[in-house]
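Order of the sequence lines sets the chain letters (A, B, ...), proteins ahead of strands, with each chain counted from 1.
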Amino acid sequence: MNDRKTVKNILTGETEYVEVLIQKYYGDIYAYCYQHLFDKHMAQDITQETFLRFLKNLESYKHTGKLKNYLYIIAKNIIRDYLKKQDRRCLSYSNAEPIVSNMENTVLELEIKSILDSLEEEERELIILRYYQDMTFADISRIIGKPMSTVKYSLKKLEKKIGDRLKGEY
Amino acid sequence: MRNYKIKKALNFSVPEYDAEALERTMTFSKNIDYGVEKQRMTEVQSILAQIKFIPMKAWAGKFAIACLLNAGILVETQVGNASLWMIISICIPLLCLTGTNEICNIMQPELKSLLLTVRYSMKKIILIRLLIFGVIDLLILLLTAGAAFFADLYAGWNDLLYVIMLYNLMCMGCIYIINHIRETNAVFACSVWGVSLITMNLIIKNTFAELVAGKENMILLLIIALTIWRILTEISNMLGGLQEHEINSQQFV
């Protein structure tokens, strides 16, 4: 069943479709949150908040694009608010207890963390959406609200920057 | 094109989420109102929505009667040919009859089965329409009484009570007819009742004061009370009958 129909069914009182919707996108949104926060529990909490915020405002939702992109935007805003509250940067891995516990503690992975940590918020967003969420340029441009040409250009620059950081490995 | 070397270099595994976290999200999501409750209309909204379904001719009829009543007052003040009471005698039953037509239309057997499938119960539709027509008629009568008062045509309580009695008698007769003749000729029967009332009124009015000899207000109040009681009984019977009809239709659906 497509998302438009699922949303319509929920709005007409068929609440069993809420579970269908959550199950469909929970994994993706959780992964997105984790890739931002590197904290499993916080990622789960923000994923939950994303769905609840979406469902509470379901009436105002207009199905014009992909529902998944809409959820990413909500998650992005919640993460931003959370990080503002925490008064720390998105990938501040210095207090890396959850990261170490959840990732293989290899030199390369630590390097990845430090690379992501060195990026600006929007640059990190681009990398997460493109390389971890495997999104198209069109979807990324919708989520971050910038033209596709800007997204392409920024990613090209980022690839060069990260390539340099990886000591000319490729 | 994606840079696969970068993708490979940046790759790390995301730990599996806890099944309890997913369950928790689903549990919380069940406590949210999904529009159905929010979309449900309030009583005021449902009344306003019903106004839209009352055809323009009903409003036009009421407006024309209100104009006629006030024109009668104007003519009476200007010319003074004592035609006001005749205008009132004709207009008050007609005022009631314009609304009655709409109530009769709802009660038509073919329309009733259609109405049973829509958002509101028949009971609610009838009550809302009776309320709308009652309020509109009251406003028209108040406007007319106010105009008569300012034009110094107001003779006393008995005039006001007489108009109320006339209106109540018309309402009572119409509701009785609608309740007992639920066929297409109910409107015709109501019209006959209206004309009879107008004729009776025109004959009786002049001799009424003499007939009751000083107990005019008392008798008028008594008739008004009796008509109100009868109207309420008939409305109650009408709604009770509808409820049975709705239950029966639901059993067969």
Side-chain angles (χ1 to χ4, degrees), chain A residues 7 9-15 17-19 21-23 26-27 30-35 38 40-41 43-45 47-52 54-56 58-59 98-99 101-104 106 108-109 111-113 115-116 127-128 130-132 134 155-156 158-160 162-163 165-166 169-170, chain B residues 1-50 52-53 114-125 246-247 249-251 253:
Chain A
V7 169
N9 287 340
I10 295 169
L11 283 171
T12 51
E14 293 176 62
T15 47
Y17 286 95
V18 175
E19 288 191 9
L21 187 90
I22 294 174
Q23 266 172 345
Y26 191 91
Y30 161 75
Y32 172 79
C33 294
Y34 185 85
Q35 283 146 4
F38 280 82
K40 181 179 170 178
H41 296 290
Q44 287 177 166
D45 286 349
T47 306
Q48 177 176 299
E49 181 58 26
T50 303
F51 280 103
L52 295 183
F54 169 70
L55 292 167
K56 276 177 192 166
L58 198 59
E59 274 183 281
I99 309 158
S101 64
N102 290 323
M103 291 183 67
E104 286 176 25
T106 61
L108 181 64
E109 280 169 350
E111 198 170 350
I112 292 168
K113 290 167 210 161
I115 288 167
L116 291 173
I127 291 295
I128 289 170
R130 182 66 178 162
Y131 287 101
Y132 295 126
D134 292 321
L155 269 166
K156 209 165 182 70
L158 267 171
E159 280 161 4
K160 192 174 179 324
I162 293 168
R165 231 4 244 280
L166 291 169
E169 196 183 312
Y170 74 103
Chain B
M1 187 176 281
R2 215 171 257 120
N3 190 324
Y4 287 100
K5 283 186 182 174
I6 287 183
K7 187 173 169 64
K8 198 178 167 188
L10 291 176
N11 188 35
F12 69 91
S13 60
V14 174
E16 276 291 305
Y17 56 81
D18 300 333
E20 298 89 61
L22 176 63
E23 284 296 318
R24 203 169 50 239
T25 305
M26 287 184 178
T27 309
F28 284 128
S29 70
K30 283 174 188 160
N31 300 326
I32 300 170
D33 285 340
Y34 292 106
V36 177
E37 283 302 316
K38 289 179 196 167
Q39 281 171 8
R40 190 163 287 163
M41 281 184 169
T42 61
E43 292 300 317
V44 176
Q45 282 173 324
S46 58
I47 290 172
L48 292 174
Q50 274 297 305
K52 286 190 285 187
F53 287 98
L114 180 70
L115 283 167
L116 284 169
T117 64
V118 297
R119 183 198 295 233
Y120 304 108
S121 64
M122 280 286 286
K123 191 174 167 179
K124 198 167 180 178
I125 292 174
E246 281 180 58
I247 291 165
S249 67
Q250 279 162 9
Q251 281 171 343
V253 168

Subject >> Heavy-atom closest pair, residues B:P15 and A:Y30 >> reply: O-OH, 2.8 Å
How far does [atom1] of [X] sit from [atom2] of [Y], to the nearest 0.5 angstrom?
X	Y	atom1	atom2	result
A:K56	B:N31	NZ	CG	9.5 Å
A:Q48	B:E23	CD	CD	11.5 Å
B:I32	A:F51	CD1	CZ	11.5 Å
B:E20	A:Q44	CD	CD	8.5 Å
B:K30	A:L55	NZ	CG	12.5 Å

Taking C-beta and beyond as the side chain, do [X] and [Y] meet within less than 4.5 Å on heavy atoms?
X	Y	result
A:Q35	B:V14	yes
A:F54	B:S29	no
B:T25	A:Y26	yes
B:D18	A:H41	yes

Subject >> Selection from A:D45, A:L52, A:L21 maximising heavy-atom pairs under 4.5 Å formed with chain B >> reply: A:L52
Original post:
By a 4.5 Å heavy-atom criterion (distance strictly below it), what part of A:Q23 contacts chain B: side chain, backbone, both, or neither?
Top reply: both
Subject >> Donor-acceptor contact present, side-chain A:K40 to main-chain B:E16, <3.5 Å >> reply: yes
